[in-house]
Amino acid sequence: MSSTRRDLFKGLAAAATISILPTAAEARERKSAPSDAVGLLYDTTLCVGCKACVVACKEANGMAPDVDGYGGGLYDAPEGLNEYTRNVIQLYRDDEETSFVKKQCMHCVDPACVGACMLGAMHKGAFGVVSYDASKCVGCRYCETVCPFNVPKFEWAKKAPKIVKCELCRDRLAEGKQPACTEVCPRGAVIYGKYTDLLAEAHHRLEAAPNKYVPKVYGERELGGTQVLYLSHVPFESLGFRFSDEQAVPHVQQTVQHGVYQGFAAPVALYALLGAVMFRNRGRDES
Amino acid sequence: MSTIAQRLRLSGVSRRDFLTFCGKLMVAAPFGLAITDFLTPEAVAQAVGAARRPSVIWLHMQDCTGCTETLLRTSQPDLASLLFDVISLDYHETVMAASGHDAELALRDAMKQNDGKYVLVVEGSIPTKDEGIYLSVGGHKGIDLLKDVASHSAAVIAMGSCASWGGIPSSTINPTGATGVDSIVKDKPVINLPGCPPNPYVLLAAVLEYAATGKPPQLDALGRPKFAYDRTIHDHCPRRAHFDAGRFAQQFGDEGHRQGWCLYQLGCKGPVTHAPCSTRHFNDVVDCWPIGIGHPCVGCTEKEIAFTVPIHATVGIERPFGPDTYPEIHAESRAISPVATGVAGVVGGAVLAAGVLISRNPGASDE
Amino acid sequence: MSRSYKILLGLGALGIALIIWRFFAGLGASTALSDGYPLGLWIALDVVTGTALACGGYAVALLVYIFNRGKYHPLVRPAILTSALGYTMAGLSVAIDLGRPWNMWKIPLFIGDWNLNSALLEVALFIMAYVVVLWIELTPALLPPSRLTRILDRALIWIIALGMLLPTMHQSSLGSLMLLAGPKLHPLWNTPLLPLLFLITCLAMGYAMVVFESFFSGRPLSPMLANLQKIAIGIGIAFVALRVADLAWRGHLGLAMQLDLYGIVFWIETLLWLAPVLLLSRSLFLAAMCIALAGALYRFDTYLVGFQPGPGWHYFPSVSEMFISIGLIAIEIAAYIALIKRFPILAGSRSHT
């Protein structure tokens, strides 16, 4: 009995030691946007809620109308992003405050979805655009589970379902065109450009009119940084941006994982250890 | 045959009046017609004026004469008479002076003089049942008359829904086997102008286009000119903003109805009806069209809608667009099914009960 | 065929019929899954909890082959059978849950596309490998002696070692999976210790399930089972201590005291781990069941209850979802019963090698 307990604690101690490895391992470096990164800058003070961007996105991507939304079958009225809607305008209204907000993929610098995807169906492609390749997708929805912005959506109704999300019109980008949403915006509320230019422009606007905005460019540092940046005149939490932590989502999981596995060294070592112990134990019985 | 410009000079129509007329043509058909594809009324006047004054023979079949009336009820007398200077209406049973045998002679003469060149306008549906005996004009069966006159024409215009696809007489049991012109006339170009009645300027534009270019205007799959019938009423409705904002009249005379709100819920067929009425009104009076006076569109141009679907029955929206309202930041998803929770409870309870029972009889197996 | 066996087969048949329907109707119609909760009952129960409950083979193998407690050897084979069936059913559940299962074959073969950062890739590969290893470990019991079985006998050490390596990796990675959910996982469950916590709970659950299943084997209960249960209880206590220490270290102990859904389920979990201390002397069966439930609830909480996609999202499995899971479990149980009757799995069965 006592030897069992002893062995038990031996085993747990070993396990605990292995788990400390992550803290001993090198901290994972914070990623930065690629040099040719592009993005969007959305400014709530300029948006009038015309929804031209919603219509343009639907047309550019050949998406079906969403008549299950709040329109009672009469309208194409998505309540939020879904399998028919890659881009949506929502309204925040409190007693005194009102703001529109455009929601689509944030094209994170260090995306959780990319870290999650087994075969890289979700990957960061040209210009840092988070892109989707259905041929490598098994439909596990893990990317959907981990995205902090709840962006990837799944085609639940289809027999051959895919993940649906904004891909920054990467086909149009390859042709040198702008994304559909920025092309039709009548007031320049959402604009497209090089990430570094957009970030500079965002700060320029904050400096030029500090009382107009909440003094932050959302996406500059949040969750590891995103290539889609937001300026707002109301608190970002009110617009549905729940998280302000600066650590990239995959940071902890990958630090732990790489710390434990150390490449493939730890598993191989453990395998050798197990085999060696079994070899030694042959013919001996400590019952 | 003289040109239109020559005839107008003869009749003493002022150039100003003719230019006004051309301007109206341009408004009626801003695109899709060769004759209005110019930038100024002067240029249109040039093109129209140079055209040969077309001979028009107008036949009445099973009709109510509404399509003729729409032509005559243009409220500016100058324009009504201008009409008869622009086209040579060589046979029209309602407006011509002759009757009886003289009328028949007039028809034969008109056919002989303009053989192969006249435009045949047909108003009313053609009965085909029982060999077409349900319409007899001057002793001739309607269907025979149509075939005869059409065979010597250059082109046929089916004026109104009855001539286009059968209209009111063809609804429900269609006791006379009423049908449209293009089911009978196969060897001549047929232009369908459905509507009950259609807009008179559409007829004029179509006729003049033919006269000036020798070709009909661009037609859609149902033979209707695209310049007038390519859009639905809903696409161009002046009350569209109310639809988008979700403001509907629920009953005739209620507050919404008085405010001029959207008539969709009263059965407006605008979303499925191709017609130009929303932007080109009748009788030369602004807002003189059904929705304009507060009655839902009944879809009078569409064969599947008019006189078939009840007037106050609502229709589906084929191409839904976004409403004026907005989704909230956090939307509610579908509620949890009480059935599922109930089943889960039953299953969980059964498993627990089984567990307790088995724990009282350790070693009892499934043997 | 006993009546309860017929019920199992009936439930299994219903499950299969529903699975066929699921592939025609799509996931939206056959489940209550949504964009807020893309992972649901099939993942949390069939895969994550099911594989942990099927860790008996792993747990007992550790005891017998690493800690050299030969007296538990008779328990190895039935535990391996449970593991083989449990993991196979888990694999089937994954295939049913996937939206694009026709791409599954690419996972082990498209090596150039492997995302080595993905914990899910690791879980998938190692579960696939482990299922193969488990059935190989069973071949001596299932097949008559032949050249194949003799080759396997000689390689047995390395196969068994693999059978201990693989679960260590993927059971801990099942914890890492939810670590990536990051800010969407409630702090009571979101800790860098998740892989370790999942690993040790799966061991406790493995031992508990070995005890639990012995009650259905139709054999008298062995006194060894009480020992196994004590190991499980010991691991459970260590787990609770580790969790409380971790919460205190991260400054979230206050959350456990809150009277909301999260605080309450945390306490239910904790009590389920600790209750067997009192129950052991009175009912071995209930003690084992408590450990199994504690581990299951911990996993459900990590994957579903503690998962916070944002306001407005709810999830409760649909009836068809539930009966597909129930059907698969019923098939698993029925297969276990059938196999232990026909093959030398249990100690003392004829032609025991």
Side-chain angles (χ1 to χ4, degrees), chain A residues 1 4-5 7-8 11-12 15-16 19 22 82 112 114-120 134-142 144-146 148 150 153-162 223 240 242-243 245 249-250 252-254 256-257 260 267 270-271 274-275 277-279 281 284-287, chain C residues 23-24 26-29 33-36 38-39 62 65-71 98-101 103-104 106-107 110 113-115 117-121 124 157-158 160-162 164-165 168-169 172-173 176-177 179-184 192-193 195-196 199-200 227 231 234-235 238 309-310:
Chain A
M1 209 75 76
T4 313
R5 225 182 291 142
D7 287 308
L8 175 66
L12 282 177
S19 73
N82 57 35
V114 171
C117 189
M118 293 191 276
L119 292 176
S135 71
K136 302 204 190 125
C137 175
V138 292
C140 68
R141 288 119 37 213
Y142 188 35
E144 216 184 334
T145 308
V146 299
N150 291 340
K153 299 293 178 188
F154 193 65
E155 292 180 323
W156 299 102
K158 292 214 179 136
K159 283 194 211 26
K162 294 189 191 148
L223 297 175
R242 293 164 63 201
F243 308 118
D245 188 42
V249 174
V252 176
Q253 180 257 326
Q254 289 184 14
V256 168
Q257 179 150 336
V260 169
L270 182 59
Y271 188 49
L274 289 168
V277 170
M278 284 181 67
F279 224 79
N281 285 340
R284 292 158 63 178
D285 186 340
E286 288 177 39
S287 301
Chain C
F23 279 104
F24 282 104
L27 281 168
L33 296 169
S34 64
D35 286 321
L39 303 180
L62 271 181
Y65 296 109
I66 301 299
F67 293 105
N68 219 11
R69 301 289 189 272
K71 69 175 182 184
L98 286 182
R100 302 169 65 80
N103 278 340
M104 252 180 111
K106 296 183 184 176
I107 296 175
F110 276 29
D113 286 322
W114 280 358
N115 173 14
N117 290 322
S118 169
L120 186 59
L121 176 69
I157 285 185
W158 301 107
I160 295 177
L162 206 53
M164 287 186 279
L165 173 73
T168 310
M169 319 248 300
S172 56
S173 290
S176 302
L177 277 189
L179 202 48
L180 187 58
K184 290 205 303 194
L193 289 185
L196 176 64
L199 183 59
I200 66 180
N227 288 349
I231 298 174
I235 296 176

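In what follows, chains carry the letters A, B, and so on, assigned in the order in which the sequence lines appear, proteins first and then strands, with residues in each chain numbered from 1. Not measured: the values here are computed from a predicted model.
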Worksheet entry | Pairwise distance SG(C137(A)) to CG(L98(C)) - rounded to 0.5 angstrom |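 These two atoms lie 9.0 Å from each other.
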Among [options], which residue forms the greatest number of heavy-atom pairs with chain A at distances under 4.5 Å?
{"options": "G36(C), A119(C), A29(C)", "value": "A119(C)"}
{"options": "L121(C), D113(C), L162(C)", "value": "D113(C)"}
{"options": "L27(C), L120(C), L62(C), L39(C)", "value": "L120(C)"}

Discussion item. Does atom CZ (F279(A)) have a neighbourhood of more than 12 heavy atoms from anything else shown, all under 6.0 Å?
Written reply: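 Result for CZ/F279(A): open.
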Side chain proximity check, [X] to [Y], heavy atoms < 4.5 angstrom:
{"X": "M118(A)", "Y": "N115(C)", "result": "no"}
{"X": "P195(C)", "Y": "Q257(A)", "result": "no"}
{"X": "N150(A)", "Y": "K184(C)", "result": "yes"}

Worksheet item: Side chain, backbone, both or neither: which part of P183(C) has a heavy atom under 4.5 Å from chain A?
Response: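 Both the backbone and the side chain of P183(C) come within 4.5 Å of chain A.
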Worksheet item: Side chain, backbone, both or neither: which part of F154(A) has an atom under 4.5 Å from a heavy atom of chain C?
Response: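 Both parts, backbone and side chain.
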Item to complete: Using the side chain to side chain contact (heavy atoms under 4.5 Å, CB included) rule, take E144(A) and D35(C) through it: C-alpha gap first, then chi angles, then the decisive distance, then the call.
Response: CA-CA 7 Å; E144(A) 216 184 334; D35(C) 286 321; 2.4 Å; yes
So which residue, [options], ends up with the most heavy-atom pairs under 4.5 Å with chain C?
{"options": "Q254(A), R141(A), K158(A)", "answer": "R141(A)"}
{"options": "G120(A), P148(A), G240(A), C140(A)", "answer": "C140(A)"}
{"options": "P267(A), A157(A), A112(A)", "answer": "P267(A)"}

Practice prompt. Search all heavy atoms of Q253(A) against all heavy atoms of L180(C) and return the closest pair with its distance.
Written response: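 Closest approach of Q253(A) to L180(C): OE1-CD1, 3.6 Å.
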